[in-house]
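Heads up: the structure comes next, in structure tokens.
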Amino acid sequence: MVKAEKEIANRPDNTAFTQQRLPAWQPMLSAGIVIPGFVLIGLAFIGIGVALFVTSRSIEVLEIDYTGEDKNSPCFKCSDQDVKNCVCNLEFSLDSLFEGPVFFYYGLSNYFQNYRKYAASRDDDQLSGDLDAFTSPSDSCSPFDLNGNDKPIVPCGAIANSMFNDTFVLYRVVNGVKKLVPLDGKGIAWWTDYNVKYRNPTVTPLKNAFNGTVKPISWPKPAYQLDTSDPANNGFINQDFLVWMRRAALPDFRKLYRRITEGEYEKGLPAGNYSLKIAYNYPVLSFHGTKKVVFSNVSWMGGKNEFLGIAYLVVGSLCVLMSIVMLIVYAKFKFPEDD
Amino acid sequence: MGMDFSSLRTLISRYCVGEENWVDSRTIYIGHKEPPPGTEAFLQQRFPDNRIVSSKYTFWNFVPKNMFEQFRRVANFYFLIIFLVQLIIDTPTSPITSGLPLFFVITVTAIKQGYEDWLRHKADNSVNQCPVHVVQHGKVVRKQSRKLRVGDVVFMKENETFPCDLILLSTSRDDGTCFVTTASLDGESSHKTYYAVQDTKAYNTEEEVDSIQATIECEQPQPDLYKFVGRINVYMDNEPMARPLGAENLLLRGATLKNTEHIYAVAIYTGMETKMALNYQSKTQKRSAVEKSMNAYLMVYLCILISKAVINTLLKYVWQADPNRDEPWYNNRTETERSRHIVIRAFTDFLAFMVLFNYIIPVSMYVTVEMQKFLGSYFIMWDDDMFDEELGERAVVNTSDLNEELGQVEYVFTDKTGTLTENNMEFIECCVDGHVYVADAICNGQVMPGATSMDMIDSSPGPGAREHEELFFRALCLCHTVQVKEEETVDGIKHGIHQGKATSFYISSSPDEVALVEGMKRLGFTYLRLKDSHMEILNREDEIERFELLEVLTFDSVRRRMSVIVRSSTGELFLFCKGADSSIFPRVISGKVAQVRARVEHNAVEGLRTLCVAYRPLSPEQYQEVCHVLNGAKLALHDRDKRLAEAYDSIEKDLILLGATAVEDRLQEKAADTIESLHKAGMKVWVLTGDKMETAAATCYASKLFHRNTQILELTTKRTEEQSLHDVLFELSRTVLRQHGGMARDTFSGLSGDCTDFGLIIDGATLSAVMRPAQEDSNSGNYKEIFLEICRNCSAVLCCRMAPLQKAQIVKLIKASEEHPITLAIGDGANDVSMILEAHVGIGIMGKEGRQAVRNSDYAIPKFKHLKKMLLVHGHYYYIRISELVQYFFYKNVCFIFPQFLYQFFCGFSQQPLFDTAYLTLYNISFTSLPILLYSLIEQHINMDILKKDPSLYRDIAKNSLLRWPIFIYWTFLGLYDAIVMFFGAYFLFDNTTFTSNGQLMTTNTQMMFGNWTFGTLVFTVLVFTVTFKLALDTHYWTWINHFVIWGSLVFFVVFSLLWGGIIWPFLNYQRMYYVFMQMLSSGPAWLSIILLITASLLPDVVKKVICRALWPTTTERIQHMRGIKESERTLTYHSSDSLIDGIAVTEA
């Protein structure tokens, strides 16, 4: 009796799990499955690749460098840092209609928005309108947290301080007359940045919130004067400011400046001559950077990007190629079935 | 902390010469009574109280002590350093990223250890507080166990467990004996007899006991359960009487009193000094080969990590040589940073890079490996196939660290008796002076010897022979240590014999003895009992003969014999000796040696266990001398064993040979099948036994260790007598090497079973000659090498006549040979413990010779046949699982960290992390942890039945084949490739292009820019999917749990990312991930590139798998392939049972 009880007590549970006999699907990467799979994937990828490539090809891009390093460049005179409030005009012409909606970017190169110290040099509390953070900015902003007189800088930090401040005005030259092309600066930043993440302090007028603070050292005017015409585009929720604050991942980047969508330009920029009036403020030559303006239109897959299409084509063809190689290997060396 | 005091004292006094006696022995006053004045004054020593402390921590020291112990592990310490570096210097990632996982690991371990310690505290308390009866001033007083002191006289009743180590003073039984089971100490459930001190056994009441005046001198505590030497000085009228004390007087803590009403005993070792407590000390930890590879890989990765950090630091300073790059106007440094010395800056940068890349050695790998081993070992315990109904026992895992080592075994060292054989002895025959008596199977206690005897020699037994016959039977009835148990309720070893009315059992620690005594009973001589030092025998005429038992010269495995000295009722004195033939024959001076030897050899060839019996008549003078010698040895405090052995040697001589016995030990069920499977699996099986050569060889043939076509090479004393050892060795090695060239090819194709292979037989004496360290003769140094060379080419080796220590020596020799093969030792008895401890994997069989082997083993199984499943199925699975686990862990962390390294080239070496803190922290903890853990628990690349049916599959994983450097390098390069694809894929999408969101979700048709966190998130998303899919591709066994965990962890990643980016988290001081993941997913190109990059990452691995499978298939893959074909056929044609699959396995085998 004792023994029988002991036996039962000590006997392991006889379940599928404990005996490692759970029902299971046991797939195998055999050539019979992989080869057709590769062919299918390859063909699908080639199809997508072709579509992407063709789409990407149809996108027009116009890039104009205006750093002014070259003596022939219209902005050469402005490239000297000592020249203040320099304005230069960039002339260009379009042979055919530049289909809209046209996006107007500025581009910087050799500019490291991804420096670790630079990236951390901001105070999110300040930018969400926390007045306490106005008077005592976060340490992470250092050395752009306090000015020489120990007054807090708002918005603090290197990112805000280095905000891009060249401005552009685009004219269409019709019979020698410059006609202003309306630029739309609304909604160029992330919706969530504009509506949630960045907030102005709830003080009216906005100017009062900035009492006792100073503007960033490199800024010509304080944050509450970024766009005096439109209170919804002023202070921390200024679209240009938001665009700048979203740091680029790589040292050569472009950022959206304006969209050209209004009036007669809804369909795009018609063929003809254009003049871009640039208020040249932003120094880049000291670190061997360049500045450019870019006009581009978009497709369903975003901007011009030939890489994705080509990559799809390459991977797709590799798949097909590999399936052929595997087929040869398999046909030559397949398992002797009756071994 | 009595322990500390005493050890300190020992240490101090070790330096004080002259007080050695005082140090190595202790003096105890029974009942704390001072010895009478005038006797030598002893220095009163202080002993610890009887508190047992098995717990490691107290409430107060838990946190610091536990922390200290945890951080002593190199890995934990490394992560602590990283964490501290992050706290101290300004580093790219927040300290949380390494602090949180480390905290998690430390906390989980601390909680586990704390809980275990709490349980220990509870157990300690219940033990320490349980009541004990102590004699004080002539009265029995109750005391808490922990208050017991050395010298207290304890009163114990039946079925009570001894609270400390005690010297038995007196018992309720007249003969001063008591019975004890030591089941909880060594698992031997047989009742052992212990003896009270001769001079005190008469003191039988509290008052009497209290009047005893005596001191005990004994050695300081030592852990050997079976050794004890001491001396008691009983003062009778102030005159000391010295008596020796031995292990037979010592009751051990943990043992239980049985069949005895009550006893009085005195405490000599208490608390942590008891033998049981001293045996708590854990064995030295064994490390598996996989762990060693893992550590080697870790070193490689540590080098990679350091070189990465150094390269980046150097490049950073090269790159920063241009001041405009060093400090462009938009990224000014603070004054303090500028004023810092360049060396400090460089060093800080180096540390920062280390921190950034430290994830390449993940803290979670250790946790996962630990969990895998711990949880995985349950499958061994749960295995119903390894449950033995007869014993009611299942497999036991004593350490889970070696699970995968079971899949790597190359040499199996097995004991014979009780391991290969049943250890269920049956008396077959005896031979007296060449006349053979066979025990009738259908006996009723009335066997006519004449009717069943068959004469080997023509002459019929004369009167002298008749006398020898009578002596022979009496010798066997008297020369043993068997006890008679007159109850039925004994669990353990039992043999029911109907003895008139009462049922009684013979109990002995040696099954041979029981078989012999039973055999004698069948031949008409029944051993009844031992009463008042008299052994009673019922002879053929139903008369009771009484012999006074004077001395027992107990059996030991070195002497290989035992003797008793008895006085017959007529006053004659005899020494009866029984033992192995090799230890009897040299001591025999007369008797029919030749005939007996012939019979012994004949029986040995039949596979029977033989013993020889001899006697020596003693004259009273001789007996006096013997007594003198024995007592001298027994009283010795130092080297008692050695002196006893010498005494025995001098007594057991001038013997007259009586005859020999033969006992059969049947092979265990399926032992032959198991050995054959192990052979097919490429393991070399060695049998190490103390048995004689012929017997052992017969067992080897029966268990198919040797086949008919096995060429047997002998390296025995017999041969070395004819030739010198040197010549024999060289001749054998020539024989073997001649064949070897031809054999090599077959070994690789796994067909070596067909061609002639070699079996070697070596005996203990020759082995010690071979192992003897090199002397001036330069050739002898090479014997070991030559011997190893011969052994390597033999598929089976039989070592007979081995002493326990020699077994361990053999294992050590093979372990240390140049290939460093993985060894496994399996045995059931105390004599196998040394080899079980020595081998890489030690397996205990729950046999009949007690639990010592099981206690010291790494794994214990009920029967030898279970070894097959243990190695071929469990070992194979665990190896496959853990090797994938290790490789995959390194792979997934290369994928994880290499993009960060590449990113440094594009962010001015500023240590900018590519991934968000949350992703860095959770990657190894949650996003990619569960699938690989589950894989490493339940993966089955091949069905269990096939693994069992086709042992040659075991060769596929031999020699740590899945963790070799080429495979490790392949995985690392795969990781590098994947990292490069992921990083540069994302790079080309972001670089100077308008890789942007269409933003349809938020506003109409805007073109919003993606920043640096989106870049990282894109890479990270591809990363998580790629590594998870890679594991999915490697999984061959998809249960619902796999589906749940693999897809579940991907879903978890997505849900987490949505949540992490979906809310402004109030406790964070940055909101950089806000909506990043959603914005990314709202972009068509992001989806397209995620799909593209995952495919491109997985592509080469799939191609490699398919091509390797077709070009260089392993046996495993062939079988998987076959199964695949058969299964597809089956779905096409008809449904059949599993037998079809099994059929393939058989043809493959």
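Treat the numbers as computed from the prediction; the structure is a model and nothing was measured.
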With side chains defined as the heavy atoms from C-beta onward, is the minimum distance between A:Val325 and B:Ile1107 less than 4.5 Å? yes
With sequence neighbours excluded, tell me which residues meet side chain to side chain contact (heavy atoms under 4.5 Å, CB included) with A:Val284. A:Thr67, A:Leu108, A:Tyr282, A:Phe287, A:Lys291
Residues B:Gln912 and A:Ala119: closest non-hydrogen pair is OE1-CB, 3.7 Å
Check the pair B:Met944 / A:Gln19 against side-chain contact (heavy atoms from CB on, under 4.5 Å), numbers first and verdict last. CA-CA 10 Å; B:Met944 223 181 280; A:Gln19 301 308 315; over 6 Å; no
Do you know which two heavy atoms are closest between A:Leu22 and B:Tyr1037, and how far apart they sit? O-OH, 2.6 Å
Excluding sequence neighbours, so at least two apart, what forms ring-ring contact (aromatic ring centres under 6.0 Å, His included) with A:Phe112? A:Tyr115, B:Trp319
Note: B:Asp90-A:Lys117 ion pair, threshold 4.0 Å (strictly below): yes
Would you call A:Arg21 and B:Asp945 a salt bridge, using N to O less than 4.0 angstrom? yes
Please examine the side chains of A:Met28 and B:Lys1105, heavy atoms only from C-beta on, and report whether any two atoms are closer than 4.5 Å. no
Where do B:Gln940 and A:Gln26 come nearest, in terms of heavy atoms and distance? O-NE2, 4.5 Å
What one should report as the nearest heavy-atom pair of B:Gly985 and A:Phe307 is O-CE2, 3.5 Å
Residue part contacting chain B, namely of A:Ser140, when any heavy atom lies under 4.5 Å: neither
When rounded to the nearest 0.5 Å, the distance separating CD of B:Gln1071 from CZ of A:Arg122 is 10.0 Å
Answer whether the closest heavy-atom distance between the side chains of A:Pro23 and B:Thr1039 falls below 4.5 Å. no
Is there side-chain contact between B:Asp383 and A:Pro12, with at least one heavy-atom pair below 4.5 Å? no
Here the gap from A:Ser142 atom OG to B:Arg333 atom CZ, rounded to the nearest 0.5 Å, amounts to 12.5 Å
Test side-chain hydrogen bond (donor to acceptor under 3.5 Å, both in side chains), reference B:Asn1012, set A:Arg247, A:Arg246, A:Gln113, output is A:Arg247
